[in-house]
Amino acid sequence: TGDRKVVDAIDKSQIKDGVLAGKFANATAEDLKRAVDTAKEDVDGWRALSHEQRHALIKQVAIKVRERRDDLIGVAAAEVGKVFTETDVEVSEAVDFLEFYPYSAHYFEQYQNLEFKGKGVGVVVPPWNFPVAIPLGGIAAALAAGNTVIIKPASVAALTAYEMCKCFWDAGISKNVLQFVPCPGRLAGEHLIANKDVDFVILTGGEDTAYSMLETRPDLFLTAETGGKDATIVTNMADRDQAVKNVCQSAFGNSGQKCSATSLLVLEEEVYNDKAFRKALVDTAASMNVGSVWDFKNRIGTLANPVDGALKKAISELEKNEEWALAPEYAEDNEFMLKPAIKWGVDEGNFIHKTELFGPVLAVIKARDLQHAVKIVNDTGYGLTSGIESLDEREVEYWKANLKAGNLYVNRGTTGAIVLRQPFGGMGKSAIGAGRKVGIHNYITQFVDFEEKGNPVTLKKYNTDLTAFIDKCVNSSNNKEDFEKLSIALQSYYENYEKEFSVEKDYCEVRGEDNHFRYIPLENVLIRVSSDDTLFEAVSRILAARVAGVHFKVSVENNALVKDFIESNKAELLTSRDSVVEQSEEQMLKYISSYDRVIFSDIAKVSEAVFKEANKSVTFIIRQKPMMEGRLELLNYFIEQSVSHSYHRYGNIGARGINK
């Protein structure tokens, strides 16, 4: 290994006996530099292959993963203490990713007016809590999009990541196309993230890591899922026995270390005061066997890391009215085997209310009513997953309309999202970047560059005040070419809004469960017009925002052509909530944090000062050129949400089954 540091990975279930799960050598600074150079050079021609050729190879990887299910389950058990049943479904998810993302590339390849290719070099920085599926999903998406990939695995899950990478290498994807570089985060930040030859980073990890990456490299194209403080609300109208089962599995499965784990339980007052509910919750949690992953009676294995930081504070201290309904303790006198714990009587604003924990600790808060409960959850600032237990459809509809989270679950657990059935990803502090969900066609659009080689095809003609105005401009303006493009683009925006962005879709139609994927319009965006932007570049963004139903401000810098056109046609282009202003960059910077997204016509027009200011509030900057194809352009004006509603009652689907 030369001067590389060798790391011992200890089997935490057998830590007293000092049993090694394995060893690995950390990459050096020189290794990392060479990895980026190799990925950029693409010596084996991965980027030159056709989508069909890449698909054929990735399909072989899926076969290898299926064949090596046992090895992957075993190494995850030894290295991170994940019980077999937890990793088994994770391997299945990994196979789904491998089968789905090449299909996603084919989905966009069918658009005859588009050409696309990979951005270049992608770096995948996965977590340890899903040591197979999350790293493999990032790799599969980036490879299917036509990029070369470097994976910097989590240090406590490096062996599992290595076994997963071997599935790619042994299937015929070379070690030049997919490179494995375990190393400390500091070294990766300095020699991977900061390297300008890295075109994008896929991160699943903590907010601090994401902020550090953006500070290291302000213009970094980062797509990050940054955890959450996930909650389940139980109303007076819930099936309380069902709620107990779902909450305990969601809160304590994998030792509460899933980013989607329920760590906050909000009970409506009647349920909170129900002694039978409290007893059932405590008894169920206490009955979940904790111990060695090699003893199959145990439902919960070990923590990946020793108890420290926020988790240590949460189990060591009680605030105000808090009490332990189920006190924390260790199994087998092993510091990695923390049993389920339930902290009762948590007040709003307490440490455990708003702090993400990776451990089997559940905080219970009382709410006056459903409206109050929703506020308690939204006040965490996170928005990854959230659940509700209620048999009242009116309550469910209110909750769906007002709860801010990327994945919503009704009368079921909050973990276990399945590719395409429940595309996964968050809102708020739980998502940094474009916010495209994993496990859906849109995800790979982040890792490719599109070019329009023709006009979008629309199947019908839309006639609105906006289309009439743009069509009039075609015949009355000196900028005829721009307005002809705008006319075509607007038709595509309307058609894609009608067919894709305004409808909820259930791709799987599972009997007894609705799984709806839907788009939610952003509240407000800032459309930045640079001095050399054309009328098409500026006005196309206005038209897309109007069709999407998003309110906006147009910030113009020294572009009289665009400003005069908008000012002269405010009645046609703007609603009463929209506006146009003349702003220098310095003036604009003061208001970036007020917007959901800032839209530029080209990354070349975004200064480092703009990136730095946007990163303070983690405001995503749209930096690609505007497109006439509405299927792509409208993605910039929405966030994505998955709603999974288990509507059957113990297998009986009731009235909805009559016509099935």
- Item | Side-chain donor-acceptor contact under 3.5 Å, Thr575 with Arg546 |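 The answer is no; no qualifying pair exists.
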- Task: For residues Tyr497 and Tyr493, establish whether the separation of their ring centroids is below 6.0 Å.
- Result: no
- Task: Please collect all side chain to side chain donor-acceptor pair (under 3.5 Å) contacts where either partner lies in residues 118-137, sequence neighbours excluded, each pair once.
- Result: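 Sorted pair list: Lys119-Asp449.
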- Message: Tell me whether the rings of Tyr101 and Phe97 are parallel (<30°), tilted (30 to 60°) or perpendicular (>60°).
- Response: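 Rings of Tyr101 and Phe97: parallel, under 30°.
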With [X], which residues qualify under side chain to side chain donor-acceptor pair (under 3.5 Å), at least two apart?
X: Lys312; answer: none
X: Tyr519; answer: Asn442, Glu500
X: Lys404; answer: none
X: Ser430; answer: none

Residues forming a salt bridge (Lys or Arg N to Asp or Glu O under 4.0 Å) with [X], sequence neighbours excluded:
X: Lys117; answer: none
X: Glu586; answer: none
X: Lys354; answer: none
X: Lys320; answer: none

- What residues form a ring pair (Phe, Tyr, Trp, His ring centres under 6.0 Å) with Phe552, not counting sequence neighbours? none
Name each donor-acceptor pair under 3.5 Å that joins a side chain in residues 370-377 to protein atoms two or more places apart or in another chain, with its distance.
from   : atom 1 : to     : atom 2 : distance (Å)
His372 : ND1    : Arg368 : N      : 2.9
His372 : NE2    : Glu348 : OE2    : 2.7
Lys375 : NZ     : Asp379 : OD2    : 2.7

- Pairs satisfying salt bridge (Lys or Arg N to Asp or Glu O under 4.0 Å), at least one member in residues 178-202, at least two apart: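 Of all non-adjacent pairs touching residues 178-202, those that pass salt bridge (Lys or Arg N to Asp or Glu O under 4.0 Å) are Lys40-Asp197, Arg186-Glu190, Lys196-Asp219.
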